[in-house]
Amino acid sequence: MRTVKAFLALFCYFLVSGCSHEERIIDRINIVQNMGVDIEGQTIKMSASYPSFVRASKEQSVSAITAESNVMYGVFTALAAKSSQPVEMGQMRTLVVSEQFAREAISELADIINREFIKSSNATIVISRQPANVVITDTTKKPPFYLSELIEQNMKHGNTPRTNYHTFVNQFYGEGQDVYFPVIHMEQGLLKMDGVGVFKGEEFKLRLSGEEGLYLKFLKDKALTGEYDFMTAPKAMYSFYILHGKSSIAMAQSGKTAISLQLTIALREVPSALNTEKEEDMQAIKKQIEERLSSEMKKLLIRLQKNNVDPVGFGEQYRWRNRTFSEKEFYGTIYPKLDFDVKTTIKISNAGVGH
């Protein structure tokens, strides 16, 4: 018994020692949560936020540091030089790039990530309509992980298509698809998700609205969720949650491209002239929503087609079935002639709208 007690005491000693050792390590490094990248002329400016752990307390605050250089790699050296502790980026959650940087230096960002200099492969990249350092500075006034949780919530439950470092590298260096990033915007002092930015190679081609971002999410994500509102008259509004769903794309050799979207929704609001307790009205509601989604999704696809950008990845699907795939040929002669046919089917699981 004495031996067992001695062993347990020794085990507890090492356990406590191990915990205190980990606390000392955390106290001695800056674990970057968010980074922001701006560009002014030839100068690249980077901001980083990291939690500051308070000794003998479970509380933590968020601090920020900034650095600048004429080359991307130089910024990391300058950042470390300004930090009181070693900078650790392996747990970084979010990279915010200003729209100007996105327009001028997206290839440099791809190169940095492809070389695995930034090793947090699940981190999300977002474009900011304000300077990135404004967004990063704002995060220091918020609880830790506020920015990453805002983005994750909108990807999981809202209208933002899911992306991360891994998808960016695949889109940038792969064939048959174009890069897209979520857009974030500060309005009246509050950060909000604000659509999607779409690239063609290194060129920033289009900014999609939040509603268009949802249509892209329908075509790209496995988890189809979100929220949707639209007006049919000045005082007639539809509002509903998208609970789940699935989509499929079938491309024929003729160019006919059939897109099927199946959604399960929960109604929040319908025009007052309709009564959800009447089967006839429910069928009318169902038809209006289906026609609206099909029509608006087709408009988006035609807009993408006219601008010769392909965030959906029609080229990649075509490449899977054609061994002699040529990206130049596909986007030069095939993609412009695709004829989109969108069919939406909805199931209303809850009509709790008070009618």
- request: Indicate yes or no: at least one non-hydrogen side-chain atom of Asn133 is less than 4.5 angstrom from one of Val135.
  value: no

query: How would you list all residue pairs meeting side chain to side chain donor-acceptor pair (under 3.5 Å) that involve residues 254-266, not counting sequence neighbours?
result: Lys256-Asp339

field: Test ring pair (Phe, Tyr, Trp, His ring centres under 6.0 Å) applied to Tyr241 - qualifying residues, sequence neighbours left out
entry: none

field: Arg303/Glu212 salt bridge by N-O under 4.0 Å criterion
entry: yes

query: Can you list every pair that meets salt bridge (Lys or Arg N to Asp or Glu O under 4.0 Å) and has a residue in residues 123-140, with sequence neighbours left out?
result: Arg129-Asp194, Asp138-Lys142

query: For Glu203, what residues pass the side-chain contact (heavy atoms from CB on, under 4.5 Å) criterion, not counting sequence neighbours?
result: Lys205

- request: Output every pair passing side chain to side chain donor-acceptor pair (under 3.5 Å) with a member in residues 284-300, not counting sequence neighbours, ordered by first then second residue.
  value: Glu211-Arg292, Tyr228-Arg292, Tyr238-Gln288, Lys286-Glu290, Ser294-Thr344, Glu296-Lys299

message: Tell me which pairs pass side chain to side chain donor-acceptor pair (under 3.5 Å) where either residue lies in residues 169-186, with sequence neighbours left out.
response: Gln130-His185, His166-Asn170, Asp178-Lys200

field: Of all pairs that satisfy salt bridge (Lys or Arg N to Asp or Glu O under 4.0 Å), the ones with a partner from residues 155-167, not counting sequence neighbours
entry: Glu152-Arg162

task: Using the ring-ring contact (aromatic ring centres under 6.0 Å, His included) rule, collect all pairs that involve residues 265-317, keeping only residues at least two apart or in two chains.
output: Phe314-Phe340

message: Using the salt bridge (Lys or Arg N to Asp or Glu O under 4.0 Å) criterion, which residues pair with Asp221? Sequence neighbours excluded.
response: none

field: side chain to side chain donor-acceptor pair (under 3.5 Å) contacts touching residues 317-332 (sequence neighbours left out)
entry: Asp310-Tyr331

message: I'd like to check the side chain to side chain donor-acceptor pair (under 3.5 Å) partners of Gln283; sequence neighbours left out, ordered by chain and number.
response: Glu279

query: So which heavy atom on Ala102 is nearest to which on Ile127, and how close?
result: CB-CD1, 4.2 Å

Inter- and intrachain pairs under ring-ring contact (aromatic ring centres under 6.0 Å, His included), touching residues 257-287, at least two apart: none

